[in-house]
Amino acid sequence: MAGTAKGHHTGEEGGAGSSEVVFEPSMDKFPVHIISCILEKLDLESVCTAACVSPTFSSAAAQVFPSLSSLDLSGHYLDEETLKQVARRVQGANSLTIDCLQLKNDTSIFNILGEHIEDLSLLKCSSLSYHILSAIRERCPNLRSLLIEFAGCEDPQLFKNKLTEMLQKLTLLEVLSIKIRVTYFDVFDVRPLELFLPKSLKKLKLQQTEGRTFVHWLDKIRDIPWFNLQSLSLVLDVISDSLLMTVVYSLPLLVELDLEDRPFMDPTALDLTNIGMQCVQSCKHLITLAIVRSSMYCPTAFTRVDNMGMFLLSEGCGRLESVKLGGFANVTDAGFSSILYSCRKLKKFEVSNSRLLSDLVFHNMRGVARSLIELRLLSCRLLTSEALEELSSLSKLEVLDTSGCRSIADPCLFVISSVTTLTKLNLAEADITDKGLALLGMGNLGITQLCIRGCKRVTDKGIERLFRAEGKIGKTLSLLDVSRMPGITDAAIFTIASAAKALTDLSLRYCFHVTDAAVKMLVDRPNHKGSLVQKLDLFECRSLSGDSIMLLMHKSSFRGLRWLGVGGTLLVDKRDNFSTICNVRPWLVVCFDGCEFGCHDGWQFH
């Protein structure tokens, strides 16, 4: 199984040696039961690392594995044999999450299913068939939560049949999440759910489906006395007034409503209006609301919703804690402000692709949205640094994302550097410079994820100032994205390799001046005692030579590597060499296309 091609991927992944937990050989002197008590306090990855230290630690780890109640392997691309070995050691886990990108056939999953499983997530089932649903039906009768992602390359009727058969058996199911990737909307048909919907179902998440079909389905089942969904998430063709009205009147107990549409053409007369927005008030228990229009297939927006629609929504939704709005082209500052001022418990606020949102929304923010933890303002082109001047008043803010806001500049970084609670920062395409990164580096920020993709005025000097300042970002940063930055050369990579002690994920997409020397520096990482690189994206790094493959041939090189993107480079011609590497490291994924980290492209839910 190891090393065989899987579409555009070759199987491989690094070991579990990415943990920062250090196990001293002298600990071997402790009894096994003492060591196992210590290991029980650690995560799975650290336990796996410990098992490799010595026979004593291996014995201690063997005592811990059976006691694990939850097994999350979503960050590992396991082949069938490795998955079998892991499952054999952790036989009692009632919660199981698996990344299935590397799995070639259904039997690899059949062997790990059992009556003990209550929560099952099967991600990226690119080579698995709909017959998996039959296996789940027979082997997991106590299942309460199921999330599964299919590639959608089989007969739609087969899917309907298998889904119907499965639902008849899973009478305890509370959460059902199904995604079919890159398919026509008629592939996923909700009608099988109509006949055998589990009475226990509380949460339903579907992608993809057709809006009118879903409306007809809800009309049929809303009179069923036990039907009381509390969470609904849909990706469909068009969000209309009819859809929203039917949803809110059929599901009065909704706590979460998450809708995204992807029109193939301008919806015109069928589009969402202020009337549809007003009816959301009827959901008296609603805490989470997302209404987003994607331009994936057609450059369109919600043109029939204006400020009045937002005023009507905000009047009855003061209890909302999470709001996500995308594609509302005719809503101005007044409309968005009404949400912020009405929802006093707001923890998450996101606006995307709003051409009229400006800095005025965020003026005089004191006393407003004080509980805000995540703030995402995506591709709102009128926003400038002034919008973030009162950011310091948000004392709980952990996530800030202004990607695509091209007028955000250096002055905002002085304010951001004072928000000490911040852990994730995305400034993609901002107009920041080396001076701005120096300000960020001097702040006392424990940032773990930083994206400055497309910040074209940043050079090697800015990266050096970011890490060489007196701040602590060099000790905490685990993910760094410096893609599409023409001023980045090997010098910046040298700085990153030596100064970013906790770095695990690095994206260098379209960094045309990065050469083999930079890759070698990432391999060597002098005086480095921190984490190992797990994901490395070199897509379109055109200065890399084919000889850089030799840096990966040694067993000691990139020991923690799990995912490597080499599309658009001369390394694409070295597939045979990568197959050899895969025989040694059977769980690394080498991507020859343009996928982002982990080949999640197209698999994500909105």
Side-chain angles (χ1 to χ4, degrees), residues 40 42-48 64-78 80 82-103 106-126 128 130-150 162-163 165-181 193 196-207 226 228-234 255-256 258 287-288 598 600 603-606:
E40 285 177 355
L42 304 178
D43 56 61
L44 176 64
E45 196 159 343
S46 298
V47 175
C48 292
V64 173
F65 286 136
S67 66
L68 293 176
S69 61
S70 177
L71 184 61
D72 186 349
L73 301 172
S74 57
H76 303 263
Y77 312 100
L78 306 184
E80 182 175 355
T82 307
L83 178 60
K84 185 188 300 183
Q85 293 297 324
V86 172
R88 185 171 59 84
R89 288 170 171 79
V90 190
Q91 295 181 356
N94 54 34
S95 177
L96 189 59
T97 302
I98 302 173
D99 189 308
C100 303
L101 188 65
Q102 288 276 75
L103 303 180
D106 297 347
T107 57
S108 54
I109 295 297
F110 292 170
N111 296 329
I112 65 171
L113 299 179
E115 294 184 356
H116 58 283
I117 297 179
E118 298 180 3
D119 184 343
L120 179 63
S121 297
L122 302 177
L123 312 177
K124 294 182 280 187
C125 301
S126 56
L128 305 185
Y130 296 144
H131 292 284
I132 285 291
L133 298 176
S134 297
I136 294 172
R137 177 196 67 195
E138 296 298 331
R139 305 188 184 201
C140 303
N142 299 312
L143 200 63
R144 296 181 180 274
S145 176
L146 173 63
L147 185 158
I148 191 164
E149 300 174 344
F150 285 116
K162 295 300 179 183
L163 178 61
E165 293 171 1
M166 183 188 74
L167 291 176
Q168 293 181 58
K169 277 290 193 74
L170 301 184
T171 57
L172 301 177
L173 198 64
E174 298 177 3
V175 179
L176 177 62
S177 178
I178 299 179
K179 175 176 181 180
I180 300 178
R181 181 188 188 221
L193 298 174
F196 301 103
L197 198 67
K199 293 183 179 181
S200 53
L201 196 65
K202 298 294 188 294
K203 182 173 183 177
L204 182 62
K205 192 170 188 178
L206 303 176
Q207 178 179 348
W226 49 260
N228 55 358
L229 274 186
Q230 297 176 13
S231 177
L232 177 64
S233 179
L234 300 174
V255 176
E256 299 176 355
D258 192 345
I287 293 177
T288 298
H600 290 292
W603 289 108
Q604 307 100 315
F605 265 117
H606 54 291

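Position 1 is the first residue of the sequence, and the numbers go up from there.
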Legend entry - Residue list, salt bridge (charged side-chain N to carboxylate O under 4.0 Å, His left out) with Lys169, at least two apart or on another chain: Glu138
Legend entry - Residues which pass salt bridge (charged side-chain N to carboxylate O under 4.0 Å, His left out) with Glu174, listed by chain and number, not counting sequence neighbours: Arg144
In Å, rounded to the nearest 0.5 Å, how long is the span from [atom1] of [X] to [atom2] of [Y]?
X      : Y      : atom1 : atom2 : answer
Gln207 : Lys179 : CD    : NZ    : 4.5 Å
Ile178 : Leu146 : CD1   : CG    : 6.5 Å
Ser121 : Leu73  : OG    : CG    : 11.0 Å
Leu133 : Lys162 : CG    : NZ    : 8.5 Å
Leu170 : Leu176 : CG    : CG    : 9.0 Å
Ile180 : Leu206 : CD1   : CG    : 9.0 Å

Less than 4.5 Å apart, any side-chain heavy atom of [X] and any of [Y]?
X      : Y      : result
Leu83  : Leu103 : yes
Leu120 : Leu143 : yes
Leu197 : Leu167 : no
Leu122 : Leu147 : no
Ile136 : Leu113 : yes
Ile112 : Leu96  : yes
Lys124 : Tyr77  : yes
Cys100 : Ile109 : yes

Can you sort out the partners of [X] under side chain to side chain contact (heavy atoms under 4.5 Å, CB included), two or more places apart, ordered by chain and number?
X      : result
Ser95  : Ser70, Asp119
Lys199 : Trp226
Ile287 : Val255, Glu321
Thr107 : Glu80, Asn105, Phe110

Inset, instruction - Kindly determine whether Leu204 and Ser233 satisfy side-chain contact (heavy atoms from CB on, under 4.5 Å), including the steps that lead there. - result: CA-CA 6 Å; Leu204 182 62; Ser233 179; over 6 Å; no
Inset, instruction - Keeping the roles fixed (side chain from Ser74, backbone from Ile98), state whether a donor-acceptor pair exists under 3.5 Å. - result: no
Legend entry - N/O donor-acceptor pair under 3.5 Å between Asn142 side chain and Glu118 backbone: no
Inset, instruction - Could you pull out the closest heavy-atom pair between Leu173 and Ser145, with the gap in Å? - result: CD1-N, 3.9 Å
Legend entry - Nearest heavy atoms of Cys125 and Ile148, plus distance in Å: SG-CG1, 4.2 Å
Legend entry - Residue among Glu256, Lys203, Lys205 satisfying side-chain hydrogen bond (donor to acceptor under 3.5 Å, both in side chains) with Ser231: Glu256
Inset, instruction - Apply side-chain contact (heavy atoms from CB on, under 4.5 Å) to Leu123 and Thr97, showing your working. - result: CA-CA 8 Å; Leu123 312 177; Thr97 302; 4.1 Å; yes
Legend entry - Passing candidate, side-chain contact (heavy atoms from CB on, under 4.5 Å) with Lys202, options Val175, Asn228, Leu229: Asn228
Inset, instruction - Could you tell me whether Arg137 and Glu165 make a salt bridge, using a distance below 4.0 angstrom between a side-chain N and a carboxylate O? - result: yes
